[in-house]
Amino acid sequence: MEELVIRDADVVDGSGGPSYRADVVVDGGRIVSIVQEAAAAGCQRPKARRELDAEGLVLSPGFIDMHAHSDLALLRDPDHSAKAAQGVTLEVLGQDGLSYAPADDRTLAGVRRAITGWNGDGDDLDIGWRSVGAYLDRLDFGFEGRGIAVNAAYLVPQGTVRALVVGWEDRAATPEELERMRRLVAEGMEQGAVGMSSGLTYTPGMYAEDAELTELCRVVASYGGYYCPHHRSYGAGALEAYAEMVALTREAGCALHLAHATMNFGVNKGRAPELLALLDDALAAGADISLDTYPYTPGSTTLAALLPSWASEGGPAETLRRLADPETAERVRHHLEVVGADGCHGVPVEWDTIEISGVTNPALADCVGRTVRQSADLRGETPWTAAHRLLVEDRLGSTILQHVGHEENVRAIMRHPVHTGGSDGILQGSKPHPRAYGTFPRYLGRYVRELGVLSLEECVAHLTARPAARLRLPDRGLVREGYRADLVLFDPATVAAGSTFEHPRTLPTGIPYVLVDGRFVIEDGRRTDVLAGRAVRRTP
């Protein structure tokens, strides 16, 4: 007898087609049968060792977070309710060009310092891996061989590859260095990565010229992977930056997935239709493009990410050395406040839009929840003095919320047919962006039920089948017989994000059941002790 039958569910299967009522039978981690309209048909209903009454609940595929920063969190926290409670059953890691493999000891030390604000410094973990394959093996092992909370896929981080081969300097790679980078990307793909990411406003990835990126994308394309760039600007020059990525990947013959595809800052208010027209033209010409967004207007990154690229050349230690020099620090201020630093997307910084969301130095905790300008006013200092103090005393570890988005742009982009969901969730800091805990229920609650921006069926497709197709996963993303039983049961009348900017770690409501590989990780609205997640490797 099979393990589980989910009775009388309203199945929204991920295809975008209309929902239907069915009994769904799960066994051995897969969906083994779907009996539609079982009660009304009067047929012999399927039986199993356990029966779950799903009356009034929607059954959908598990949600796929196409842009996650859980690279260490999945190994640090077996509970990981931040994602499991949202119905996320798969996260894509290695984002924005910086993660922990491939690396050597020197490179790993620099990367850990550079992205402390995203993932913590990692001192609480034994980071024993150095290759992509070894990192994926570590995810498989999880906690004492039992696994991790949810599944995870990985992108080869181009910035880390560049740091390993070229270093943190702003210069072109030599032919020999480029060939070594090509080999490292190929090895990462062979070991199971699904593509490559870049952070082209972060060092050292931003120092790569288009010709270098194109060559690496050719390697990714040869393995059927995709390129996921955080491109060179989301502010001044955003459209040009999007066009650059489209042209680059078309030249390389590589699929393109645009990370957190927003149009931010005052210069881009109301300009989402221009971006979508650019993408539509490329799609009509045969380009393979998708994108992800989170359903919020503010962004989130590190305070150090706003610095001009020249100030970050050489890595974190060199950045701090420059900030300690008064003359150089004044040049940094001028670029930030007057010129518009490339790290701030070419737009002069507005300190009243920069809210501190987390610090690593406890002595700076009173800054969290305040904008840089508010912190400055409390101390009777200029905003740059306050920002400079945070950068130096927190050793570049401070995270921020950047209140620079536009609701009309968010809504327009999420309607596009190639859109998928990605939280860009940073789990560090005492006041993280609520998107880390609320992205997927917010889509279903606010943008489907309350605002009607998307139909329920279309929204579920955006969060399940479309990302599964981008990842080339042959047995995930749909409620289909033979598919993996990564499933979510939610109440369409009550599902909602609990997280807010004031209380960002509040769990969602209306998602009572989540299954990973046919096992309940959320049951009756509570996290179980099940660790059914594993590394999901590239499908050859």
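Just the heavy atoms: all of them, side chains too, but no hydrogens, waters or symmetry mates, feed the values below. Keep in mind that this is a model prediction, so the values were computed, not measured.
In this structure a side-chain-to-backbone donor-acceptor pair under 3.5 Å is present from Tyr207 to Ser309. Of the possible polar contacts, none joining the Thr506 side chain to the Ser499 backbone as a donor-acceptor pair under 3.5 Å is found. Between the side chain of Glu209 and the main chain of Ala173, no donor-acceptor pair closer than 3.5 Å is present. Between the Ser198 side chain and the Gln158 main chain, no donor and acceptor come within less than 3.5 Å of each other. In this structure a side-chain-to-backbone donor-acceptor pair under 3.5 Å is missing from Arg373 to Arg370. When atom types are taken as modelled, the side chain of Asp96 and the backbone of His230 share no donor-acceptor pair closer than 3.5 angstrom. The backbone N or O of Pro295 lies less than 3.5 Å from a partner atom in the side chain of Arg442, making a donor-acceptor pair. A donor-acceptor contact shorter than 3.5 Å is absent between the side chain of Asp292 and the backbone of Thr420. Judged purely by atom type and a 3.5 angstrom limit, Thr500 uses its side chain to pair as donor or acceptor with the backbone of His503. Side-chain atoms of Asp394 come within 3.5 Å of backbone N or O of Thr360 as a donor-acceptor pair.
Closest approach of Phe501 and Leu401 over heavy atoms only: CD2-CD1, 3.8 Å. When all heavy atoms of Pro204 and Gly167 are compared, the pair lying nearest together is CB-O, 3.7 Å. Of all non-hydrogen atoms in Gly235 and Asn268, the two that sit nearest each other are O-ND2, 2.9 Å.
The salt bridge (charged side-chain N to carboxylate O under 4.0 Å, His left out) search around Glu327 returns none, not counting sequence neighbours. With sequence neighbours excluded, the residues that form a side chain to side chain contact (heavy atoms under 4.5 Å, CB included) with Ala149 are His80, Arg527. Legend: residues meeting side chain to side chain contact (heavy atoms under 4.5 Å, CB included) with Pro432, ordered by chain and number and at least two apart, are Pro504, Arg505. For Asn409, the side chain to side chain contact (heavy atoms under 4.5 Å, CB included) partners at least two apart in sequence or on another chain are Met263, Ala272, His406.
Note on ring orientation: taking the six-membered ring where Trp is involved, the planes of Phe265 and His345 are tilted (angle from 30° to 60°). In this pair, His69 and Trp118 present their aromatic rings tilted. The plane angle is within the 30 to 60° band.
Annotation: Phe141 is not in aromatic contact with Trp129 [ring centroid separation under 6.0 Å not met]. Tyr234 and His260 have their aromatic ring centers within a separation under 6.0 angstrom.
Pairs passing the salt bridge (charged side-chain N to carboxylate O under 4.0 Å, His left out) check and including a residue from residues 353-364, sequence neighbours excluded, read Glu355-Lys431. The ring-ring contact (aromatic ring centres under 6.0 Å, His included) contacts involving residues 301-331 comprise Trp310-His335, where partners must be two or more places apart or lie in separate chains.
Interatomic distance, CG of Asn119 versus CG of Leu93, reported as 9.0 Å (0.5 Å rounding). Between the OG1 atom of Thr249 and the OH atom of Tyr227 there is a distance of 9.0 Å, given to the nearest 0.5 Å.
Remark: of the listed residues Ile400, Leu364, Thr385, Leu396, Leu364 is the sole one forming a side chain to side chain contact (heavy atoms under 4.5 Å, CB included) with Leu390.
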